[in-house]
Amino acid sequence: METEQELYSGKAKSVYTTADPDKLILHFRDDTSAFDGEKTEQLERKGMVNNKVNAFIMTHLERAGIPTHFERLLSDNESLVKRLDMIPIECVVRNITAGSICRRLGVPENMDLDPPTFEFFLKNDELHDPMINEYHIRSFKWAGDDEIAVMKRLTFEVNDVLKALFLEAGILLVDYKLEFGRYHDEILLGDEFTPDGCRLWDAVTREKLDKDRFRQDLGGTVEAYEEVAIRLGVDLS
Ligand code: TMP
Ligand code: ASP
């Protein structure tokens with residue numbers, strides 16, 4: 001499958017059309033951004049590692065019954081996906097406190113959350129992805145009631161599947177962000193699942209193995225992503 005033209009270029013991925021109107025190619029770049037694009041850097045190998053980790057996780061989710069846009073790996077940095085009509089909302093589940101919830105609610109980092117908590121954010125960098133609730137989604141018609149219900153159900157199902165997958169690899173799934181889109185009459189998981197969009201801590205030491213290494217200038221960002229890939233059994237060759 002060959003790329004035709006660039007449809008969209010995000011902060012870490014570019015999206016290309018293909019000869020098939022129902023398929024797109026995702027190109028995972030080495031660009032790394034944080035704080036809504038305020039801090040950016042090129043991290044060598046990150047695009048390749050994320051492309052392969054994403055392929056592994058999306059395939060695992062499909063096998064567990066979660067419908068996703070993922071079709072197949074095409075090359076080190078490219079994957080073929082179904083073309084979705086994206087819903088401009090981010091679904092976040094948190095199993096342990098970290099990041100924005102600590103700032104917003106004044107709670108300490110590293111509190112286990114039982115039950116896990118769920119938040120919606122509007123995907124809008126200029127507005128710094130504000131937190132929204134279901135009433136905003138309905139009133140502004142970003143998604144319908146049925147779609148909201150499906151996004152919530154699938155986001156929690158992903159939690160059960162991936163918490164177990166990561167724990168087997170000695171990793172805690174602290175939190176993560178998912179995006180969904182419409183494909184004909186179905187809602188599918190879109191975008192990506194990589195250490196760029198979740199928090200992963202070593203289960204014993206609670207060392208950070210995700211993009212917080214970059215956000216907080218801890219160093220060794222790509223090495224940590226590779227460690228996650230190796231522990232999961234992802235083929236990086
Ligand atoms: P937060 O703590 O900044 O709200 O983020 C929660 C989780 O969701 C964290 O793993 C990062 C991820 N996330 C993104 O990847 N992109 C986003 O735009 C947002 C709001 C969260
Ligand atoms: N992904 C967003 C950005 O690049 C938010 C973040 O990860 O901090 O700005």
Shared ILVMFWY cluster between [X] and [Y], side chains joined below 4.5 angstrom?
X      : Y      : value
Ile132 : Val93  : yes
Leu173 : Leu232 : yes
Leu122 : Ile101 : no
Val174 : Val92  : no

From CA spacing to verdict: side chain to side chain contact (heavy atoms under 4.5 Å, CB included), Val81, Met58: CA-CA 11 Å; Val81 298; Met58 289 283 176; over 6 Å; no
Test item: [X] side-chain N/O and [Y] main-chain N/O as donor-acceptor pair under 3.5 Å:
X      : Y      : value
Arg83  : Lys23  : no
Asp112 : Ile96  : no
Tyr176 : Leu200 : no
Lys208 : Ala224 : no
Asn133 : His136 : yes

Pairwise distance [atom1]([X]) to [atom2]([Y]) - rounded to 0.5 angstrom:
X      : Y      : atom1 : atom2 : result
Ile66  : Leu188 : CD1   : CG    : 11.5 Å
Asp125 : Phe35  : CG    : CZ    : 13.0 Å
Lys52  : Ile57  : NZ    : CD1   : 15.5 Å
Leu209 : Glu223 : CG    : CD    : 12.0 Å
Asp36  : Asn124 : CG    : CG    : 9.0 Å

Asp31, Asp30, Asp196, Asp76 screened by salt bridge (Lys or Arg N to Asp or Glu O under 4.0 Å) with Lys46, the one that passes: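 Among the candidates, only Asp196 passes.
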Should [X] and [Y] count as an ion pair when the cut-off is N to O under 4.0 Å?
X      : Y      : result
Glu179 : Lys177 : yes
Asp145 : Arg138 : yes
Arg199 : Glu109 : no
Arg213 : Glu207 : yes

A side-chain contact here means heavy atoms from C-beta on lying under 4.5 Å apart; do [X] and [Y] qualify?
X      : Y      : result
Glu41  : Thr221 : no
Val53  : Tyr225 : no
Asp22  : Glu71  : no
Phe70  : Leu189 : no
Lys123 : Met86  : no
Asn110 : Arg206 : yes

Which atom of Pro195 lies closest to which atom of Asp210, heavy atoms considered: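 That closest heavy-atom pairing would be O-CB, 3.6 Å.
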Would you call the rings of Phe156 and Phe118 parallel, tilted or perpendicular, taking 30° and 60° as the class edges?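 Rings of Phe156 and Phe118: tilted, 30 to 60°.
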Show, in sequence, the C-alpha distance, side-chain angles and deciding distance for Arg94 and Ser100, and conclude whether the side chain to side chain contact (heavy atoms under 4.5 Å, CB included) test is met. CA-CA 11 Å; Arg94 299 174 193 272; Ser100 76; 3.1 Å; yes
After noting the C-alpha distance and the side-chain angles of Trp142 and Glu147, does the key distance pass the side chain to side chain contact (heavy atoms under 4.5 Å, CB included) rule? CA-CA 10 Å; Trp142 290 317; Glu147 293 175 329; over 6 Å; no
